[in-house]
Protein chains: 2
Amino acid sequence: MGKGGQPRVLLVEDEPAQRTVLAYNLEAEGFAVTQADNGEDAMVLVDEEEPDIIILDWMMPKVSGIEVCRRLKMRPETRGIPIIMLSARAEEVDRVRGLETGADDYVVKPYSVLELMARARAQLRRVRPSTAGVVLEHEDIRLDPESHRVYRADKVLKLGPTEFKLLVTLMERPGRVFSREQLLDLVWGRDIYVDTRTVDVHVGRLRKSLMQFGGADPVRTVRGAGYSLG
Amino acid sequence: MGKGGQPRVLLVEDEPAQRTVLAYNLEAEGFAVTQADNGEDAMVLVDEEEPDIIILDWMMPKVSGIEVCRRLKMRPETRGIPIIMLSARAEEVDRVRGLETGADDYVVKPYSVLELMARARAQLRRVRPSTAGVVLEHEDIRLDPESHRVYRADKVLKLGPTEFKLLVTLMERPGRVFSREQLLDLVWGRDIYVDTRTVDVHVGRLRKSLMQFGGADPVRTVRGAGYSLG
DNA sequence: TTCACCTGTTACATATCCGTCGCATATGCG
DNA sequence: CGCATATGCGACGGATATGTAACAGGTGAA
């Protein structure tokens, strides 16, 4: 990771408005952002900045995102950098081609900014398992995404799949309040239509699971806003 | 959207039955809906109502949806408003043309109302992402929108949802005097029928909350004008 | 098949908050 | 000073958000 501790992201997107919004959010999330609005600049900046991850728009003038992706994945010294592709509207063909060229993940516009950043963090964790991030910790709760296990005060907790994903999401940004809609997006998925009250039920179940061996309730309800950890 | 109120949607659809159903559902989902049944009215209402998002029928008498979309995307002050196009025809040609004219998303009739609203929410999140990373401060009051927490002299304050939104609004421009009407607009939402005296009551409650552990009253009453911070 | 487990929805109880009213108090003005 | 109006604030009935048990399916393993 970058010298200063912040993960470096190279953001390549030709549409200024979208790029600005994304850059703003990435910086707010603790990324060091380098921007490019075309593929040629991007290729140069990859060498100059040595980003930890690349977010790449599919459609761009001159050198397209696909082409940039393909080239980077051919060079041994850049192959290891995770690439997340952005694309407008999802023909299945595109999705396949995107992954075929070696992209590590693929996000369809319009995307949830939250989700995009969650995926970026996931990619970073995948590539950089040595750094902090393998195991999420918050107070006496420890979560190992690898083994899918959750501990509290050294006891192994048993939770269902949805509870687990919910906890992962909350633990990735302790303190941050997630609205029910955001949680539906992040945990259930963007195109799943489920009543928002379902979130309440699962939060309740997660709470019970987290407290099955005692301990305080680590989940905070923020009336009118959502839930957060701590 | 105002700072805390409902997101405003402009619904443009010439077929009354469809428009009514959609409006009903959008309102049930917490949107403030303005309706138009033709492109000309729509253009006017965009300026008058400043919607956060526009749902636009493709086929309409006089000025078509495509045309409205094209015009709006040409004007800098309206370009940022997300537009979701509705169309009865699903030919690929249309899809392409729809996105080419600058629409941000595209839904083909017959559509699932749930899906349409999920997409509307997705667009809103994209354009107006949460106020991330910014911590508002004024004298010894600190407000973190992300964690939804308010501190005064390092103690955590407990305030209700409306008090919170009110404080956010005031803290975003310390010193500025907000009239009761402006506060109703910004905190409660545009077309909410509420007595202006309600603002007084909530300012009172906010004051009490801010002083629950002592300290001076940070809210200034400007007789005949409104309230401000500091 | 049965069984154990998980899921999303519903219904209801409860806690919390909201908006309004009434009256007290403060302010400005002639 | 006395009056008119603006603001402060306690109290109350009702609205709304949340917690949670119960239920009816769904899934996959044995």
Side-chain angles (χ1 to χ4, degrees), chain A residues 148 150 157-170 177-189 191-212 216-229, chain B residues 4-6 27-30 112 114 118 148 150 157-170 177-189 191-212 216-229:
Chain A
H148 254 243
V150 180
L157 300 184
K158 183 168 159 1
L159 24 167
T162 306
E163 291 167 43
F164 183 81
K165 277 190 266 181
L166 187 53
L167 182 58
V168 170
T169 305
L170 292 175
V177 176
F178 293 88
S179 72
R180 290 166 175 72
E181 286 76 14
Q182 289 173 333
L183 290 173
L184 279 179
D185 236 36
L186 294 169
V187 175
W188 276 259
D191 334 300
I192 302 297
Y193 310 111
V194 175
D195 196 297
T196 64
R197 285 309 308 277
T198 302
V199 176
D200 298 46
V201 176
H202 278 274
V203 167
R205 287 168 180 167
L206 173 59
R207 278 183 164 133
K208 190 192 281 187
S209 295
L210 288 175
M211 298 192 288
Q212 61 189 290
D217 181 1
V219 181
R220 179 172 62 121
T221 301
V222 182
R223 181 174 247 253
Y227 299 97
S228 82
L229 211 63
Chain B
Q6 301 174 301
E27 280 173 356
E29 289 280 316
S112 142
L114 276 178
H148 242 262
V150 181
L157 301 184
K158 178 173 167 349
L159 23 169
T162 306
E163 291 167 41
F164 183 82
K165 283 187 254 182
L166 186 54
L167 181 59
V168 170
T169 305
L170 292 175
V177 178
F178 293 88
S179 72
R180 288 158 226 281
E181 286 74 16
Q182 286 172 329
L183 289 174
L184 277 179
D185 212 40
L186 294 169
V187 175
W188 276 257
D191 23 51
I192 298 296
Y193 82 104
V194 171
D195 196 299
T196 65
R197 287 305 311 277
T198 301
V199 176
D200 298 47
V201 177
H202 277 276
V203 168
R205 286 168 181 166
L206 174 59
R207 278 181 163 134
K208 188 195 279 188
S209 294
L210 288 175
M211 297 191 289
Q212 61 189 291
D217 181 2
V219 181
R220 182 169 58 116
T221 301
V222 182
R223 179 171 249 254
Y227 299 96
S228 80
L229 249 200

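Chain letters run A, B, ... following the sequence lines, proteins first, then strands; residues in each count from 1. Note that the structure is predicted; figures quoted are calculated from it, not measured.
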Q: Remember a base hit wins even if backbone is also touched, and classify B/F164 as base, sugar-phosphate or nothing at under 4.0 Å, heavy atoms.
A: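 Since no nucleic acid heavy atom lies under 4.0 Å of B/F164, the category is nothing.
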
Q: At less than 4.0 Å, is any side-chain N or O atom of B/K158 found next to OP1 or OP2 of C/dC17? Yes or no.
A: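 Yes.
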
Q: Working to the nearest 0.5 Å, report the span between CZ of B/F178 and CG of B/L166.
A: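 With rounding to 0.5 Å, CZ (B/F178) is 9.5 Å from CG (B/L166).
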
Q: The side chain of B/P161 lies closest to which of these nucleotides: C/dT20, C/dC18, C/dT10?
A: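 Of all the options, the side chain of B/P161 is nearest to C/dC18.
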
Q: Would you say B/W188 places a side-chain N or O within less than 4.0 Å of OP1 or OP2 belonging to C/dC18?
A: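 Answer no for this pair, as no side-chain N or O of B/W188 is under 4.0 Å from OP1 or OP2.
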
Q: What is the distance, to the nearest angstrom, from the CD atom on B/E181 to the P atom on D/dA6?
A: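 Rounding to the nearest Å, CD of B/E181 and P of D/dA6 are 12 Å apart.
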
Q: Using five base pairs at each end, measure the axis-to-axis angle across the helix from C/dT1-D/dA30 to C/dG30-D/dC1 and round it to 10 degrees.
A: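 Here the helix ends are tilted 30° relative to one another.
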
Q: How long is the span from the CZ atom in A/R180 to the CG atom in A/D195, to the nearest 0.5 Å?
A: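 Answer for the CZ-CG pair, A/R180 versus A/D195, is 10.5 Å.
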
Q: Could you state the CZ-P distance from B/R180 to C/dG19, rounded to the nearest angstrom?
A: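 So the CZ-P distance, B/R180 to C/dG19, works out to 15 Å.
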
Q: Base, sugar-phosphate, or nothing: which does A/V222 touch, judged by heavy atoms less than 4.0 Å apart?
A: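 A/V222: backbone/sugar contact only, no base atoms under 4.0 Å.
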
Q: Can you tell me if the side-chain N/O atoms of A/Y227 get under 4.0 Å from OP1 or OP2 in D/dG19?
A: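 Checking D/dG19 against A/Y227, a side-chain N or O does come within under 4.0 Å of OP1 or OP2.
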
Q: Return the value, rounded to whole Å, for the distance between atom CZ of A/R220 and atom P of D/dG19.
A: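 Nearest whole value for this atom pair: 13 Å.
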
Q: Within residues 197-209 of chain B, which residues have any heavy atom lying less than 4.0 Å from an atom of DNA chain C?
A: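 Nucleic-acid contacts, sorted: B/T198, B/V201, B/H202, B/R205.
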
Q: Quick check for you: among C/dC17, C/dG19, D/dA6, whose closest atom lies nearest to any side-chain atom of B/R223?
A: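 The answer is D/dA6.
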
Q: What integer distance in Å separates B/L166:CG from C/dC17:P?
A: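 Going from CG in B/L166 over to P in C/dC17 covers 15 Å.
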
Q: Would you please classify the geometry between the B/H202 ring and the B/W188 ring as parallel, tilted or perpendicular, with 30° and 60° separating the classes?
A: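 Aromatic pair B/W188/B/H202 classed perpendicular.
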
Q: Is the phosphate of C/dC18 approached by B/Y193 (side-chain N or O, under 4.0 Å from OP1 or OP2)?
A: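 No, because none of the side-chain N or O atoms of B/Y193 sits under 4.0 Å from OP1 or OP2 of C/dC18.
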
Q: Whether A/T221 contacts D/dG19 is assessed here as follows: a side-chain N or O lying under 4.0 Å from the phosphate OP1 or OP2. Is that the case?
A: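 Yes, A/T221 has a side-chain N/O under 4.0 Å of OP1/OP2 on D/dG19.
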
Q: Could you state the atom-to-atom distance from CG of A/L210 to C1' of D/dG19 in whole Å?
A: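 Atom CG in A/L210 sits about 16 Å away from atom C1' in D/dG19.
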
Q: Tabulate protein N/O versus nucleotide N/O from nucleotides 27-30 of chain D, keeping only pairs under 3.5 Å, one per line.
A:
none

